[in-house]
Structures are given as C-alpha cells and as structure tokens.
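Because the structure is predicted, anything quoted here is derived from the model rather than measured. Index from 1, following the sequence.
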Amino acid sequence: PIPEIYRYRDYIIDSFNADKPYDRFVQEQLAGDLMAAAEPEKRNDLIVATGFIALSRRYATAPYELMHLTLEDTIDTVGRGLMGITFRCARCHDHKFDPVTMQDYYGLYGIFASTKYPYAGSEEFQSMNKPREGFIPLAGPEEVAKAESAHQELIRVGEESLKTFNESSEWGAKLNEANRKLGT
C-alpha cells in the first residue's frame with residue numbers, strides 16, 4: 001500500500017554502495033527525521049531512511065487501530081533486524097541471562113509510542129475515500145526554503161491584520177483595554 005517504498009529500497013542500496021558506516025546507517029533508519037534538521041542538505045535521504053520504521057506491520061484496517069501491536073512489531077523488527085536478538089520475552093518478564101530487560105523493552109516502547117507512524121490506507125477506507133495520512137512530504141532545500149518563506153509571510157500578514165484589528169475596531173479596543181487591566 002506504499003508505492004513510494006522503492007525509495008527506501010534505493011536508500012539501502014545507495015548506503016551499501018557508498019560503504020556508509022553501520023552506526024550511521026542504523027541511526028538514519030531510526031531517527032533520520034530528527035537528524036534532518038541538523039543536515040538540511042540530506043533531508044530527503046534522511047526522511048526516506050525512516051522507511052524502516054514506516055514499514056512496521058499494521059493490524060486491522062482503521063487508522064492506528066491496534067497500535068500496540070504495531071509498536072510490538074516495530075520493537076521486534078529492531079531487535080531482530082539490527083541487533084540479531086528477540087525482545088518478545090522482555091515484554092512480560094526478565095530472563096537471568098538475556099541482555100534485554102522489561103525496562104529496556106518498555107523504554108523502547110515509549111520511544112516508538114511517541115513516533116508518528118504514517119497510515120497507508122486500506123481497501124475498506126479507500127472505498128470510503130479516506131486518505132492516507134502522516135506521510136512526510138519530500139522536498140528539496142529550495143522547496144523547503146520557499147515553503148518556510150511563504151509561512152513566514154503568512155505569519156507577518158496575520159500579525160499585521162491583528163494589529164490593524166486591535167487599533168481600529170471596537171472589539172480590538174475592548175481587547176486592548178482588557179489586556180491592559182490584566183497587565184499583559
């Protein structure tokens with residue numbers, strides 16, 4: 001259901017071809033969206049790298065239904081795919097000789113629970129014209145700068161309109177008076 005996922009496949013191939021260090025490769029797949037702010041020139045590649053998380057198995061058909069199962073699958077995939085160990089036992093109890101404790105498991109659960117997963121849609125929701133959601137748009141630095149500039153212009157226009165409203169309307173005068181009384 002995610003036609004753009006070929007980008008993630010290409011990211012994997014390009015990473016291997018570039019002999020990217022493994023620690024960097026893992027970091028990009030787990031937190032590329034956060035790393036993108038510090039490396040805007042690599043934004044698209046870093047966003048695409050998070051396809052590793054975006055591909056976590058979904059359960060049911062409604063957006064974010066049974067999300068706890070998706071989180072469990074993400075944790076299991078991270079353990080198996082990146083560390084070569086399973087975490088499932090740690091969901092319920094500690095093992096004397098296992099390297100992963102319940103505390104570790106639920107620490108990861110908390111991290112992934114705060115992650116915004118995209119919803120790729122389902123046949124049921126497509127028939128009701130429910131859109132996909134939560135996908136981060138890919139844009140080059142020029143497009144990002146242009147969008148940011150347009151956003152700043154909207155803020156400026158809004159602030160100007162608010163100032164004009166406050167200075168020239170009856171309600172603005174009442175609002176200014178109330179703010180003066182409140183000391184704000």
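- For the pair Arg7/Asn44, no side-chain contact is recorded, criterion being any heavy-atom separation below 4.5 Å from C-beta on.
- Atoms CD1 and OH, from Ile75 and Tyr105 in turn, are 4.0 Å apart once rounded to the nearest 0.5 Å.
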_With salt bridge (charged side-chain N to carboxylate O under 4.0 Å, His left out) as the criterion, how do Arg156 and Glu160 come out once you've worked through the C-alpha distance, each side chain's angles and the decisive distance to 0.1 Å?_
CA-CA 6 Å; Arg156 187 191 65 72; Glu160 227 175 71; 2.6 Å; yes
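- Atom OG1 in Thr77 sits 9.5 Å away from atom CG in Leu55 (nearest 0.5 Å).
- At a threshold of 4.5 Å between non-hydrogen side-chain atoms, the residues Gln27 and Gln29 do not count as touching.
- In this structure, Tyr11 and Phe25 have parallel ring planes: the angle between them is below the 30° cut-off, well short of the 60° mark.
- Between the Tyr8 side chain and the Ala49 main chain, no donor and acceptor come within less than 3.5 Å of each other.
- When side chains are defined from C-beta on, Glu72 does not count as touching Phe87, because their heavy atoms never get closer than 4.5 Å.
- Between Glu177 and Lys174 no salt bridge is recorded (no basic side-chain N to carboxylate O distance below 4.0 Å).
- Remark: Phe16 CZ is loosely packed, at most 12 non-hydrogen atoms of other residues, nucleotides or ligands lying under 6.0 Å away.
- For the pair Thr86/Arg80, a side-chain contact is recorded, criterion being any heavy-atom separation below 4.5 Å from C-beta on.
- From Asp76, atom CG reaches atom CG of Leu108 across 11.5 Å, with rounding to the nearest 0.5 Å.
- At least one side-chain heavy atom of Leu30 sits less than 4.5 Å from a side-chain heavy atom of Leu82.
- For the pair Tyr117 and Leu71, the minimum side-chain heavy-atom distance is below 4.5 Å.
- Listed here is the closest heavy atom pair of Asp94 and Met102: OD1-N, 2.6 Å.
- Ala37 approaches Pro40 most closely through the heavy-atom pair O-CD, 3.9 Å.
- Neither Leu34 nor Phe112 shares a network with the other; the hydrophobic side chains, linked directly or stepwise wherever heavy atoms of I, L, V, M, F, W or Y lie under 4.5 Å apart, form separate groups for each.
- Donor-acceptor pairing under 3.5 Å is lacking for the side chains of Asp73 and Thr70.
- Contact detail for Thr50 and Gly32: the closest heavy-atom pair is CG2-N, 3.6 Å.
- Between Val78 and Phe52, some side-chain heavy-atom pair lies under the 4.5 Å cut-off.
- Within 6.0 Å of NE2 on His93 lie more than 12 heavy atoms contributed by other residues, nucleotides or ligands.
- Between atom CG of residue Asn17 and atom CD1 of residue Ile12 there is a gap of 11.5 Å, rounded to the nearest 0.5 Å.
- For Gln152, the CD atom sits in a packed shell: over 12 heavy atoms of surrounding residues, nucleotides or ligands are nearer than 6.0 Å.
- Of the charged side-chain nitrogens involved, at least one lies within less than 4.0 Å of a carboxylate oxygen, so that Lys20 and Glu28 count as a salt-bridged pair.
- Met35 belongs to a hydrophobic cluster whose remaining members, ordered by chain and number, are Leu46; membership requires side-chain heavy atoms of ILVMFWY residues under 4.5 Å apart, directly or through intermediates.
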